[in-house]
Amino acid sequence: MGMKIMEDIKQVIEDFEKNPKIVKVFGTIVYSDAHAHIKKVLRDEDYWKSLDKISGDRWAILAARALQGRWEIRGGGHPGSLGMMVQVWIEPEENKKLIEALGLETTEKPIFVVFTRLNNEETLHSVIELYDTSIEKAYQRIKKIVQDITESIERIDQENISDYESVFNAVNMTVQRIKTIDTLKRIFTMYEWYKRIKP
């Protein structure tokens, strides 16, 4: 198990899949150079060891640094006209393998991806947003996600770990709970803001 910086995602996953003791649900922290606080957490030996200890030895968590994309304005009519100007996220070509392997749409924001590969090469995945506002917030967010998912993985019996889809569904219940709490926090924050501005 353990946390591992990823070079070739497919090869690393295949190596872990051969280990009969490891649950075949993986975690991947996807970030780019634009996410400086997450990058610092992952490069700090003390933070890394802490996350590695929390995650235990039943599942693998990888870290994948994507190349930084960019926003581009597209649209408009002929020169001098306003037209319909739209911002479009441009994904670097080098990120395509990572996006394909994890079933992602974009690497624009830092995310924690929980996924499993089924026998038919289909990938089941679920995405949790990460925070990059400070080193402490980045670490606390990753730590909480790893703790919660590790707790759900610890409840999976050894004889059931070969049923990838069922294991993923069990872990995904924890992921959905994390996302629901995130949504409720956002709603509460908006409500508090609305109460302050309401005459």
query: Looking at I149, V30, I38, which hits side-chain contact (heavy atoms from CB on, under 4.5 Å) with F112?
result: I149
- prompt: Given I145 and L130, is the side-chain contact (heavy atoms from CB on, under 4.5 Å) satisfied, shown in steps?
  reply: CA-CA 9 Å; I145 292 168; L130 293 178; 3.6 Å; yes
Is it the case that the side chain of [X] and the backbone of [Y] share a donor-acceptor pair, with hydrogens and angles ignored and the cut-off at 3.5 Å?
X	Y	result
D44	D46	yes
S166	D163	no
K24	I22	yes

- request: Verify the cluster assignment for W59 and L124: are they in a single hydrophobic cluster under the rule of side-chain heavy atoms below 4.5 Å apart?
  value: yes
Hphob cluster co-occupancy, L118 + V171, side-chain heavy atoms under 4.5 angstrom: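 Same cluster: L118 reaches V171 through Ile, Leu, Val, Met, Phe, Trp or Tyr contacts under 4.5 Å.
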Taking side chain as C-beta onward, heavy atoms only, is [X] less than 4.5 Å from [Y]?
X	Y	result
V146	I61	yes
V127	L104	yes
F115	T28	yes
H125	V114	no

For the residue pair [X] and [Y], what are the closest heavy atoms and their distance?
X	Y	answer
L42	W48	O-CE3, 3.3 Å
Q158	R58	OE1-NH2, 3.6 Å
F26	F16	CE2-CB, 3.5 Å

Examine the side chains of [X] and [Y] and answer whether a donor and an acceptor come within less than 3.5 Å of each other.
X	Y	result
S134	Y139	no
Q176	S126	yes
Q140	E136	yes
D148	T174	no

- prompt: Does R141 pair with D182 as a salt bridge, N-O distance under 4.0 Å?
  reply: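 D182 and R141: salt-bridged.
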task: Considering only NZ, NE, NH1 and NH2 on the basic side and carboxylate oxygens on the acidic side, decide whether R117 and E17 come within less than 4.0 Å.
output: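 Here R117 pairs with E17 in a salt bridge, since their nearest N and O are under 4.0 Å apart.
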- request: Please identify each residue that fulfils side chain to side chain donor-acceptor pair (under 3.5 Å) with N169, with sequence neighbours left out.
  value: none
task: Applying salt bridge (charged side-chain N to carboxylate O under 4.0 Å, His left out), name anything that partners E45, two or more places apart in sequence or on another chain.
output: K49
